[in-house]
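Letters A, B, ... are given to chains in the order of the sequence lines, protein chains preceding strands, and every chain is numbered from 1.
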There are 2 protein chains.
Amino acid sequence: MPPRAHDPAALLMQLAAVFRDHGFEGASMARISAATGLGKGSLYNAFPGGKDEMAAKVLAMIDDWFEAEVFTPLRATDTPAAAAVGAMLDACQGYFWSGGRICLLGAFALSDTRDRFAAAISGYFLRWQQALTAALIRLPLPEDQAAALSEEMLSRIQGGLVLARSLNDPACFVRELDRLRARLAAP
Amino acid sequence: MPPRAHDPAALLMQLAAVFRDHGFEGASMARISAATGLGKGSLYNAFPGGKDEMAAKVLAMIDDWFEAEVFTPLRATDTPAAAAVGAMLDACQGYFWSGGRICLLGAFALSDTRDRFAAAISGYFLRWQQALTAALIRLPLPEDQAAALSEEMLSRIQGGLVLARSLNDPACFVRELDRLRARLAAP
DNA sequence: CTCGCGTTGTACCAATCGGTACAAGAAAAC
DNA sequence: GTTTTCTTGTACCGATTGGTACAACGCGAG
């Protein structure tokens with residue numbers, strides 16, 4: 001057996017950080033190599049498809065995390081819907097570091113990188129909205145209101161991240177989440 | 001006198017389109033040259049500071065437009081506040097092509113380009129929020145509620161644009177604006 | 001030990017990057 | 001007409017881009 005390769009999960013986390021910090025185009029192989037401590041040989045060995053495959057794997061990892069920690073709990077029918085939605089907001093606050101971290105999917109969506117990963121990006125948001133709509137219906141809420149509110153909540157989460165980055169004030173994002181919690185508590 | 005140069009305003013519009021389509025890093029001089037029909041000599045003659053100056057001038061043009069068409073009307077005390085806020089939403093819907101066009105400031109904010117234009121980006125959103133808060137206070141609304149609602153509205157506008165791009169469905173943005181209109185009509 | 005295979009760093013590739021230099025061109029001043 | 005001054009395209013620069021080739025390395029199998 002050859003010497004053991006790197007921990008794939010940790011590697012993907014480092015790659016995600018580089019893509020978040022510099023975007024897809026700005027994440028040059030030199031920067032990726034420096035951030036991971038791996039030479040180009042190792043990187044192209046782990047990702048024969050080059051940068052495209054790296055980004056795709058990173059997006060898939062993020063998607064998996066949200067699927068497990070957010071979407072699936074939202075779809076679960078054995079917990080109160082209100083608690084599930086509250087847990088989603090808590091999970092978002094934790095994942096996005098209270099506004100100090102951006103959404104890689106959202107950032108890609110606003111750049112021309114979107115076309116390259118259109119399916120992954122739209123699938124992510126579509127499944128998020130569908131799972132959230134299902135939870136809101138179980139609140140209970142009429143189907144059309146649930147669909148509208150889920151769309152609004154996703155907009156506010158993404159918008160809160162944009163505003164927090166724009167104003168360099170992460171608290172913006174937390175305040176937006178708090179407003180969402182208040183709105184759900186007293187409709 | 002030498003031959004007259006290009007129309008500076010039209011040139012800035014073309015540059016804005018390139019930056020919107022490809023981001024700051026993705027907007028190569030080759031692409032800019034092709035999009036504007038001007039050689040590098042002409043471009044560096046018009047913008048001695050290179051790409052940085054082009055982007056800065058584009059951001060300034062956008063800022064000027066919003067200052068004149070959105071911020072100033074919001075601050076005006078001779079029109080009903082509700083009408084001013086409604087006009088702002090209409091102006092946004094028009095400017096962002098009903099969700100088919102992204103916010104260049106927001107897109108820059110999510111990339112590492114933000115650090116380069118941090119002052120312009122934060123200034124834009126800060127003045128927008130302040131003008132909107134002032135209008136909401138004249139609705140009338142208590143000062144703290146006005147500040148919170150203006151932050152929320154900006155988040156929703158930006159988030160609506162992100163979601164529209166992500167799902168490749170511009171109507172998302174329009175629906176979010178409509179929900180904002182409804183919320184203002186019946187608080 | 002020797003062998004073999006998977007992993008690694010590095011040298012190298014053509015293409016493209018942002019930016020500069022500069023000569024040709026073109027209209028106003030005279 | 002000539003001169004002047006600004007504009008323009010193009011050739012070119014070193015640096016960097018994503019990607020490939022390949023030889024040196026190191027551990028497990030036998």
Side-chain angles (χ1 to χ4, degrees), chain A residues 1-59 104 107-108 111-117 120, chain B residues 1-59 104 107-108 111-117 120:
Chain A
M1 271 281 190
R4 188 70 236 114
H6 276 74
D7 175 15
L11 182 54
L12 282 180
M13 299 274 260
Q14 293 175 308
L15 290 177
V18 179
F19 284 126
R20 245 186 282 262
D21 287 344
H22 305 287
F24 181 77
E25 314 229 22
S28 64
M29 292 307 296
R31 265 201 267 246
I32 292 173
S33 186
T36 60
L38 265 55
K40 302 177 86 173
S42 314
L43 289 168
Y44 275 93
N45 182 270
F47 304 95
K51 262 176 65 172
D52 278 70
E53 185 179 347
M54 297 183 203
K57 290 269 172 65
V58 165
L59 294 182
L104 190 57
F108 275 13
S111 73
D112 66 342
T113 311
R114 180 194 64 159
D115 302 328
R116 219 188 283 247
F117 304 105
Chain B
M1 272 277 190
R4 189 67 237 117
H6 274 74
D7 175 15
L11 181 54
L12 282 180
M13 299 274 260
Q14 293 175 308
L15 289 177
V18 179
F19 284 126
R20 246 187 280 261
D21 287 344
H22 304 287
F24 181 77
E25 313 229 23
S28 64
M29 292 306 298
R31 265 200 266 246
I32 293 173
S33 186
T36 59
L38 265 55
K40 301 177 86 172
S42 314
L43 289 169
Y44 276 92
N45 183 270
F47 305 95
K51 262 176 65 171
D52 278 70
E53 185 179 347
M54 296 182 203
K57 290 267 171 67
V58 165
L59 294 182
L104 190 58
F108 275 13
S111 73
D112 66 343
T113 312
R114 179 194 65 157
D115 303 329
R116 219 188 283 247
F117 305 105

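Closest heavy-atom contact between A/Glu25 and A/Lys51: O-NZ, 3.7 Å. Contact record, B/Lys40 with B/Ser33: N-OG, 4.4 Å, taken as the closest heavy-atom pair. A/Ala55 approaches A/Phe108 most closely through the heavy-atom pair CB-CE2, 4.4 Å. Of all heavy-atom pairs between B/Leu38 and B/Leu43, the closest is O-CD1, 3.9 Å. The two atoms that bring B/Glu53 and B/Ala46 nearest to each other are OE2-O, 4.3 Å, heavy atoms only.
Rounded to whole angstrom, the span from the CG atom of B/Leu43 across to the P atom of C/dT20 amounts to 13 Å. Atom-to-atom, CG of B/Leu38 to C1' of D/dT10 comes out at 14 Å; the value is rounded to the nearest Å. Rounding to whole angstrom units, CD1 of residue B/Ile32 and P of C/dC17 are separated by 10 Å. Computed from coordinates, the A/Asn45 CG to C/dT10 P distance equals 16 Å when rounded to whole Å.
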Output, in order, the C-alpha distance, side-chain angles, deciding distance and verdict of side-chain contact (heavy atoms from CB on, under 4.5 Å) for A/Asp21 and B/Asp112.
CA-CA 6 Å; A/Asp21 287 344; B/Asp112 66 343; over 6 Å; no

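In this structure, A/Phe19 and A/Phe24 have parallel ring planes: the angle between them is below the 30° cut-off, well short of the 60° mark.
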Going 5' to 3' through nucleotides 12-19 of chain D and flagging B where a protein heavy-atom sits under 4.0 Å of the base, S where only the sugar-phosphate is that close, and - otherwise, we get -----SBB

Provide a list of protein-nucleic acid N or O atom pairs under 3.5 angstrom, restricted to nucleotides 22-24 of chain C.
none

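Counting heavy atoms from C-beta outward, B/Phe47 and B/Ile32 have side chains that stay 4.5 Å or more apart.
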